[in-house]
Protein chains: 2
Amino acid sequence: MQNIRKISDSTIRRLSLYYRALSNSEKDGYFTVSSQDLAKKERLTPAQVRKDLSFFGSFGTRGLGYPVKELKEKIGSILGLNRSWNVALIGVGNLGSALASYKEFQKQGFHIKLLFDNDPKKIGSSIDGIPILDIKQIGTQLKQNKIDLVIMTLPGHTAQGVAEEVVRAGVKAILNFAPVSLKVPEDVFLRNENMAIELEYLSFCLKNRNNPGKHA
Amino acid sequence: MQNIRKISDSTIRRLSLYYRALSNSEKDGYFTVSSQDLAKKERLTPAQVRKDLSFFGSFGTRGLGYPVKELKEKIGSILGLNRSWNVALIGVGNLGSALASYKEFQKQGFHIKLLFDNDPKKIGSSIDGIPILDIKQIGTQLKQNKIDLVIMTLPGHTAQGVAEEVVRAGVKAILNFAPVSLKVPEDVFLRNENMAIELEYLSFCLKNRNNPGKHA
DNA sequence: AATTGTGAAATTGTTCACAGCA
DNA sequence: TGCTGTGAACAATTTCACAATT
């Protein structure tokens with residue numbers, strides 16, 4: 001636990017998988033799981049599971065395995081899921097509205113508080129009780145509502161400009177669905193969710209049909 | 001090119017990024033780009049760009065760089081974007097309908113031919129001219145329409161069963177949006193698009209606010 | 001002068017194998 | 001006995017550095 005060292009990107013992503021697997025095990029009534037169990041569920045190796053967890057502490061009992069509930073809570077708190085985050089979503093098109101009404105996010109503590117669009121027909125209305133505001137108000141509203149994280153679901157050509165406003169408003173995390181590589185300062189965390197990449201990857205696999213490339 | 005060797009997962013994904021960057025450069029009227037240019041656009045190193053491309057051949061000219069149009073076409077053909085793929089989408093909820101009407105996929109050769117749902121109210125209607133069929137017909141329809149690739153946007157608990165039907169129908173590529181780890185045979189290519197993972201990753205970064213973890 | 005293409009070196013990530021404990 | 005935790009071994013990936021080419 002003292003080793004505040006470089007935790008790899010992939011370790012963090014696998015933590016999310018473990019968290020999900022543990023939630024399911026909990027629902028199914030299990031009290032303990034072994035690294036073997038976790039590995040099988042997520043198509044990994046037991047050693048990998050143990051190594052990943054070991055970066056954060058020793059949560060298991062030798063001979064027995066890991067306590068489901070406690071490990072889930074522990075991973076949740078590592079990932080920051082034991083608190084709530086204020087989220088805003090910019091671009092209420094097809095994808096944006098779909099995400100706005102996606103209940104899973106709320107459950108994990110990501111509370112979508114504001115929606116933004118530039119379409120006068122949409123501004124003033126709401127989705128599932130979340131108001132759609134004028135995109136021009138981003139600066140003031142993001143600050144006023146203490147937004148921690150912004151989801152961008154808008155057309156590619158407008159994304160960079162909007163991202164800059166978001167950054168100016170002090171937001172430090174952006175999940176970007178627009179099909180462009182955003183430029184943001186070093187201290188802003190950015191992830192790109194790019195469905196084209198996944199489709200193209202599958203296309204590559206189909207075309208070179210031989211060696212598989214499982215999982216994501 | 002002769003080296004039919006293990007091309008890494010990450011190399012293929014970066015190819016998608018290069019493809020996108022080259023499309024933009026082409027639109028902007030550039031005839032050549034250097035590895036430096038490409039790297040800057042996608043936040044990578046020039047060496048990485050050159051190494052990635054070198055797995056597939058020598059497309060550049062020393063001293064000059066890469067010809068935009070040709071390199072784009074070359075990468076397109078490596079990724080299998082120079083042909084068309086028949087796609088079906090299963091689960092016409094919020095996310096499913098959003099993706100069904102997302103025009104970018106069509107442009108890249110991914111033609112969504114069929115939609116499936118189990119809701120009698122939806123079956124028989126259509127989205128942008130794509131018919132919504134009864135999910136019970138998956139078996140026959142996927143085969144009849146020579147579907148290459150299936151996008152699954154349905155609730156987690158139903159996903160595994162449906163995936164098995166899809167596999168039985170001979171489909172070899174699945175893009176899964178359901179929040180579960182699907183089990184499919186070795187010869188079926190599977191990618192998981194998992195938005196929760198990206199949000200949780202950002203949550204982790206915010207919580208441990210110090211060292212950044214850019215990009216996706 | 002600029003920029004590619006590529007072995008070799010450095011780094012990062014994964015798996016092994018086993019000591020240590022319940 | 002069974003399973004964790006972890007250093008050491010191994011494998012994969014990235015970066016370096018430079019000869020080759022225009």
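The model shown is predicted, which means the values in this text are computed figures rather than measured ones. Throughout, a chain's letter reflects where its sequence line sits, starting with A, and its residues are numbered from 1.
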May I ask you to evaluate whether A/Gln48 reaches the phosphate of C/dG13, defined as a side-chain N or O under 4.0 Å from OP1 or OP2?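 The answer is no; no side-chain N or O of A/Gln48 sits under 4.0 Å from OP1 or OP2.
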Donor-acceptor pair, side chain of A/Asn176 and main chain of A/Arg191, under 3.5 angstrom: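 Checking the backbone N and O of A/Arg191 against the side chain of A/Asn176, no donor-acceptor pair under 3.5 Å is found.
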Is the count of non-hydrogen atoms from other residues, nucleotides or ligands lying under 6.0 Å from B/Lys207 atom NZ greater than 12?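 Above 12, so yes.
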Can you check the [X] [atom1] to [N] [atom2] distance for me, whole Å?
X	N	atom1	atom2	answer
B/Arg43	D/dT14	CZ	P	17 Å
B/Leu71	C/dT3	CG	P	16 Å
A/Leu44	C/dT14	CG	C1'	11 Å
A/Lys6	C/dT12	NZ	P	9 Å
A/Ile12	C/dG13	CD1	P	10 Å

Tell me which pairs pass salt bridge (Lys or Arg N to Asp or Glu O under 4.0 Å) where either residue lies in residues 90-114 of chain B, with sequence neighbours left out.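 For residues 90-114 of chain B, and leaving out neighbouring residues, the salt bridge (Lys or Arg N to Asp or Glu O under 4.0 Å) pairs sorted by first residue read B/Lys103-B/Asp128, B/Glu104-B/Lys107.
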Enumerate the salt bridge (Lys or Arg N to Asp or Glu O under 4.0 Å) contacts for residues 15-34 of chain B, please, sequence neighbours excluded, ordered by first and then second residue.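 Sorted result for residues 15-34 of chain B: B/Arg20-B/Glu42, B/Glu26-B/Lys72.
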B/Ile127 versus B/Ala100, closest heavy-atom pair with distance: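 Taking B/Ile127 first and B/Ala100 second, the nearest heavy atoms are CG2-CB, 4.2 Å.
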Protein heavy-atom contacts under 4.0 Å, written 5' to 3' over nucleotides 1-9 of chain D as B (base), S (sugar-phosphate only) or - (none), form the string -BBBBBBB-
Hey, can you tell me if B/Tyr102 and B/Phe105 have their rings parallel, tilted or perpendicular (30° and 60° cut-offs)?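 Plane angle over 60°, so perpendicular.
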